[in-house]
Amino acid sequence: MPSTSPHITSLATAPPAFENELGSVTLVDATVLPILSRLSIKRLVLEPGAIREPQWNVNANQLGYCLSGTVLVSILGDADVFSSFVVSAGQMYHVESGAVYHIENIGAERAEFVLALRNERPQHFSLRDSFNAMTDAVLGNTYDLPGSAFAAFDRSPAQQIVRRTGAPDVPSTAGLPNAHLFDAEGQHPPLSYAYGDARLARKQYWAALDDISMYSLRIRESGMREPHWHPITGEMGYVEKGHARMRVLDPDNTLDEYLLSPGDVYFVPRAFPHHIEVLGEEDIHFLIFFDQPMPGDIGYRATASAFSREVLAASFDISERDLPRFPFTPIDPLMVARANPRDPVR
């Protein structure tokens, strides 16, 4: 049964925005999930030999996370800065808004990406459509050629995913370090516990980021993402693996609780309290995107340490002696151990 929650939808079962025998592009934006703000998400699948044609985003920086496969990414950015590099599973790339880029499957297996865009209604132009907008004479003048040189061009709309003829042309420098490339899963997790860990693709570790970031979050059955909120950023999550339960409190004091499965996408607006808990014995792996380069949060643990026991007792309308002995927590741990039995799934 599809979820009735305004916070969640599925990227895995959504109809593709584009599809042919070479791959597909699936988009969840504010048209599909109206609660989205400043973020949206795509799933890109490229079969061997397929090319995501050159294009550029009009209104959004983009982060790409490689789930499987090996691709070549080429980018021409502002002031004629060119980059070309190889991206494999567990790695990420960043493309600035307006920079023209392409993605090409250079491996023998299907390539799959999750792409986060820094706008709830992203727009793009394709290189083919932009050429089609100009006459043969204008194109000829641009390249010091006769207009007849472009007479064979097919003026039909762009196909988004096209077929490569021949072997891929991979520059010899494509394997070198690049500012647009980040090895997310190769990072030693800055936050690591017996019950989970988090790898952080944020500006602290990846200088190219200026308005978007991503956490690769893994939690085991013995752990839980503590209740928290993000003061200045929304949170958009993609479930890569596992099953979980999430609870979100809205400002009108309504409570939304829903189950998450692989391929699901959720969104929590800035400053909404929420938490994530594993269901079952399988670990969960979430890709969590933020609309800030250095996202932060305020957790329930640190909040209990920020106020006196007198203030807390008065707030909860109980005597101070009945108030739990909250552990002193100057810095929130992000994850906590799940020592109590799991609440029943409703």
Side-chain angles (χ1 to χ4, degrees), residues 3 5 7-14 16 23-29 32-33 36 39-46 62-71 87-94 103 105 107 109-117 181-193 195-202 205-206 212-225 234-246 258-268 274-290 295 334-335:
S3 172
S5 167
H7 293 273
I8 179 177
T9 189
S10 174
L11 191 60
T13 61
S24 63
V25 180
T26 307
L27 169 66
V28 170
D29 63 3
V32 178
L33 192 63
L36 285 175
L39 288 166
S40 55
I41 192 167
K42 292 182 179 181
R43 176 177 177 260
L44 171 65
V45 175
L46 294 175
Q62 177 178 292
L63 279 184
Y65 180 98
C66 183
L67 294 171
S68 64
T70 303
V71 304
V87 185
S88 300
Q91 296 183 323
M92 302 181 69
Y93 71 84
H94 176 261
I103 306 170
N105 188 342
E109 63 174 301
R110 170 185 288 187
E112 182 177 351
F113 277 77
V114 171
L115 313 176
L117 296 110
L181 178 67
F182 184 74
D183 189 0
E185 300 305 334
Q187 180 191 53
H188 180 75
L191 297 174
S192 182
Y193 309 95
Y195 37 82
D197 57 59
R199 291 167 171 83
L200 313 179
R202 64 186 191 186
Y205 304 104
W206 192 1
I212 193 170
S213 56
M214 190 279 290
Y215 285 8
S216 177
L217 180 70
R218 289 176 173 83
I219 305 177
R220 288 178 265 287
E221 189 274 338
S222 56
M224 185 184 78
R225 177 67 169 103
E235 173 180 327
M236 181 180 69
Y238 173 80
V239 184
E240 197 277 325
K241 175 186 175 185
H243 295 80
R245 173 170 49 197
M246 194 164 191
Y258 46 86
L259 305 182
L260 292 164
S261 300
D264 283 346
V265 173
Y266 70 83
F267 184 78
V268 180
H274 57 286
H275 101 297
I276 303 169
E277 185 175 13
V278 181
L279 293 179
E281 303 300 318
E282 185 182 24
D283 298 355
I284 60 171
H285 179 206
F286 283 22
L287 306 178
I288 303 178
F289 299 92
F290 304 96
L334 194 110
M335 283 173 271

Distance flag, aromatic centroids of Phe290 and Tyr215, threshold under 6.0 Å: yes
Side-chain heavy atoms of Val28 within contact of Tyr238, under 4.5 Å: no
Atom of Pro295, atom of Arg202 and distance for their closest heavy-atom approach: O-NH1, 3.7 Å
Heavy-atom pair of closest approach, residues Ala89 and Ser68: CB-CA, 4.1 Å
Residue pair Phe113 / Tyr93, side-chain heavy-atom distance below 4.5 Å: yes
Non-hydrogen atoms of Gly234 and Phe267 that approach each other most closely: CA-CZ, 4.2 Å
Side chain to side chain contact (heavy atoms under 4.5 Å, CB included) between Met246 and Ile8, intermediate numbers included: CA-CA 10 Å; Met246 194 164 191; Ile8 179 177; over 6 Å; no
Quick one: side chains of residues 275-285, donor-acceptor pairs under 3.5 Å with protein atoms, not counting sequence neighbours, listed by atom name and distance.
residue : atom : partner : partner atom : Å
Glu277  : OE1  : Arg245  : NH2          : 3.3
His285  : ND1  : Glu240  : OE1          : 3.0
His285  : NE2  : Ser216  : OG           : 2.8

Stepwise side chain to side chain contact (heavy atoms under 4.5 Å, CB included) test for His274 and Tyr266: CA-CA 12 Å; His274 57 286; Tyr266 70 83; 5.6 Å; no
Heavy-atom pair of closest approach, residues Leu217 and Ala198: CD1-CB, 4.0 Å
Gln91 CD to Gln187 CD distance, which is reported to the nearest 0.5 Å: 12.5 Å
For Arg218, all residues meeting salt bridge (Lys or Arg N to Asp or Glu O under 4.0 Å), sequence neighbours excluded: Glu185
Distance in Å, Ser213 OG paired with Leu63 CG, rounded so as to fall on 0.5 Å steps: 7.5 Å
Contact check, side chains of Leu260 and Phe286, non-hydrogen atoms, under 4.5 Å: yes
Exercise: identify the closest heavy-atom pair between Val71 and Asn105: CG1-CA, 4.1 Å
Between CD1 on residue Ile219 and OH on residue Tyr193, distance to nearest 0.5 Å: 11.0 Å
Side-chain heavy atoms of Thr26 within contact of Val45, under 4.5 Å: no
Distance (rounded to the nearest 0.5 Å) between Ile41 CD1 and Gln62 CD: 11.0 Å
Distance, nearest 0.5 Å, that separates CG of Leu200 from CZ of Phe182: 8.0 Å
Approximate separation, where rounding is to 0.5 Å, of Leu27 CG and Arg43 CZ: 13.5 Å
Side chain to side chain contact (heavy atoms under 4.5 Å, CB included) evaluation trace for Leu287 with Met214: CA-CA 7 Å; Leu287 306 178; Met214 190 279 290; 4.2 Å; yes
Shortest non-hydrogen separation from Ala12 to Pro262 and the atoms involved: CB-O, 4.4 Å
